[in-house]
Amino acid sequence: MSYPHEAFLKKAGFIHDPHCQRYSSLGKTFTISSDHMDGYYWFFEMENFVINIHDFKVKKDHIFVFELQEDEVNPVSISFVKMANGEFLSPYQKIRDHSIIVNFYSQQPFKFLLHGNFPFFSIGFEYKADYLNTFIPQKYAIAKEEIRDALTSLLYMDDALEIEKIVDEILPFRETHLGSRLFYEVKAQEVLSIALNNYFTKQAFQSKMELDDREAIANVQKYICDHYAMDISQDLLCMIATMSKTKLKERFKEKNGMTITEYIQRRRISAAENLLMSTTLNVGDVAKLVGYTSHSRFSQLFKKYKGIHPRTLRTMMEKKQ
């Protein structure tokens with residue numbers, strides 16, 4: 001197997017570093033230190049998938065142009081962006097923190113702009129042509145057009161917490177035993193499964209749930225996103241949704257695949273991760289800013305959802321500086 005992006009990485013100034021231990025040694029790590037950015041690119045290639053990690057500090061605005069022949073590149077990639085500030089230029093799409101990007105590669109040059117003085121941190125899943133265009137349609141009787149629509153639908157998800165959960169399981173993984181390849185394969189399959197389930201469930205959900213209920217749950221999610229650091233009472237959420245507590249709990253979990261409590265916790269922890277990676281605030285102050293008065297409770301939940309303790313992440317970021 002020959003990863004087609006390697007030529008692009010070398011052309012862009014990346015150097016293969018076989019001794020780098022920042023990410024799993026099963027994959028290959030490339031490093032860069034240039035006028036426009038410092039950082040790492042890691043990838044692990046399997047028969048049907050490639051998983052990659054972009055971990056850069058962008059020093060100044062820079063436009064990247066990525067051009068490959070159609071038969072040289074995997075046809076689609078799904079990326080979860082933890083931190084970024086930039087834009088895809090063709091077609092235009094804003095690159096934001098905690099968002100999903102779906103790229104369908106073609107013979108047209110792929111251009112994106114990253115802004116200086118911001119980190120760019122993302123985890124991507126690339127799916128190879130035979131797997132996506134032949135194996136999945138034949139095994140699961142899903143038309144190719146529906147697969148593309150399902151992948152595109154990820155761009156319009158109300159949130160990306162399910163995929164972020166998978167990403168947070170991948171980042172700290174360092175095992176190199178025989179089962180490690182299976183771990184990565186399962187995670188790549190889970191992301192594709194989320195796309196397909198989200199697409200078909202949404203179709204069934206829209207026909208099953210009344211429009212008023214869908215809008216009510218969307219309003220509750222918006223309120224939580226704006227006020228996650230505060231004490232949010234279920235009575236208030238019931239008033240926003242104009243639903244009973246029982247109905248709100250049922251509809252919310254039906255739509256989001258998790259309870260209201262877990263949804264709030266994940267929002268808080270994602271915000272805390274962002275602060276730990278982009279500021280010099282101490283861990284205790286970060287905990288308070290996202291709504292936790294108990295440092296131990298904050299640390300426990302951070303470890304649960306991100307795989308490492310907040311102080312460990314802070315130490316990693318300090319070393320990176």
Any donor-acceptor pair under 3.5 Å linking the side chain of [X] with the backbone of [Y]?
X: Ser180; Y: Glu175; value: yes
X: Thr279; Y: Leu275; value: yes
X: Asp55; Y: Tyr40; value: no
X: Ser299; Y: Ser296; value: no
X: Arg267; Y: Cys225; value: no
X: Asp97; Y: Ala84; value: yes
X: Arg314; Y: Leu281; value: yes

Problem set entry | Of Glu45, His16, Glu6, the residue whose pairing with Lys28 passes side-chain hydrogen bond (donor to acceptor under 3.5 Å, both in side chains) |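 Exactly one option meets the side-chain hydrogen bond (donor to acceptor under 3.5 Å, both in side chains) with Lys28, and it is Glu6.
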Exercise. So which of Asn117, Asp35, Asp38 actually passes side-chain hydrogen bond (donor to acceptor under 3.5 Å, both in side chains) with Lys59?
Worked result: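 For Lys59, the side-chain hydrogen bond (donor to acceptor under 3.5 Å, both in side chains) check succeeds only for Asp38.
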Problem set entry | Contact list for residues 291-311, test salt bridge (charged side-chain N to carboxylate O under 4.0 Å, His left out), sequence neighbours left out |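 Matches after skipping sequence neighbours: Glu164-Lys306, Asp168-Lys306, Glu273-Lys306.
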Exercise. If two hydrophobic side chains count as joined below 4.5 Å and joins carry through other members, does Phe80 share a cluster with Phe104?
Worked result: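 Phe80 and Phe104: one cluster.
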Problem set entry | Same apolar cluster (I L V M F W Y, side chains within < 4.5 Å links), Leu248/Tyr223 |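 Looking at the clustering, Tyr223 is in the same group as Leu248.
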Do the non-hydrogen side-chain atoms of [X] and [Y] ever get within less than 4.5 Å of each other?
X: Asn52; Y: His54; value: yes
X: Phe135; Y: Asp130; value: no
X: Arg181; Y: Phe44; value: yes
X: Val283; Y: Phe298; value: yes
X: Gln189; Y: Leu192; value: no
X: Arg96; Y: Val81; value: no
X: Gln300; Y: Phe302; value: no
X: Tyr263; Y: Asn256; value: yes

Gap between atom [atom2] of [Y] and atom [atom1] of [X] - 0.5 Å precision:
X: Leu154; Y: Ser99; atom1: CG; atom2: OG; value: 12.0 Å
X: Gln265; Y: Ile260; atom1: CD; atom2: CD1; value: 12.5 Å
X: Asn85; Y: Asp61; atom1: CG; atom2: CG; value: 8.5 Å

Problem set entry | Crowding at NZ, Lys94 (>12 non-hydrogen neighbours, <6.0 Å) |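 Enclosed: over 12 neighbouring heavy atoms sit under 6.0 Å from NZ of Lys94.
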Could you tell me which non-hydrogen atom of [X] sits nearest to which non-hydrogen atom of [Y], and how far apart they are?
X: Ile224; Y: Ile232; value: CA-CD1, 4.2 Å
X: Ala188; Y: Phe125; value: CA-CD2, 4.0 Å
X: Met83; Y: Ser278; value: CE-CB, 3.4 Å
X: Phe252; Y: Val220; value: CE1-CG1, 4.0 Å
X: Gly13; Y: Ile32; value: O-CG1, 3.8 Å
X: Glu169; Y: Pro172; value: O-CD, 3.6 Å

For this session: Please step through side-chain contact (heavy atoms from CB on, under 4.5 Å) for the pair Ile269 and Tyr292, ending with a clear verdict.
Result: CA-CA 10 Å; Ile269 297 305; Tyr292 291 105; 4.2 Å; yes
Exercise. Between Leu114 and Phe112, does a side-chain contact (heavy atoms from CB on, under 4.5 Å) hold up when you go through it step by step?
Worked result: CA-CA 7 Å; Leu114 296 180; Phe112 56 100; 4.1 Å; yes
Evaluate the ring planes of [X] and [Y], with Trp represented by its six-membered ring, and classify them as parallel (under 30°), tilted (30 to 60°) or perpendicular (over 60°).
X: Tyr41; Y: Phe14; answer: perpendicular
X: Phe30; Y: Phe43; answer: parallel
X: Tyr127; Y: Tyr131; answer: parallel
X: His36; Y: His62; answer: parallel

Exercise. Taking NZ, NE, NH1 and NH2 as the nitrogens, is one of them in Arg148 or Glu145 under 4.0 Å from a carboxylate oxygen of the other?
Worked result: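 The answer is no: the pair does not qualify as a salt bridge.
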Exercise. Do the charged groups of Asp17 and Arg22 touch, with an N to O distance under 4.0 Å?
Worked result: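 Looking at Arg22 together with Asp17, the answer is no, because their closest N to O distance does not fall below 4.0 Å.
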For this session: Test ring-ring contact (aromatic ring centres under 6.0 Å, His included) on Phe121 and Phe56 and set out the steps.
Result: CA-CA 6 Å; Phe121 194 99; Phe56 311 136; 9.3 Å; no
For this session: Decide yes or no on salt bridge (Lys or Arg N to Asp or Glu O under 4.0 Å) for Glu162 and Lys165, but give the supporting numbers first.
Result: CA-CA 5 Å; Glu162 285 185 282; Lys165 180 180 178 181; over 6 Å; no
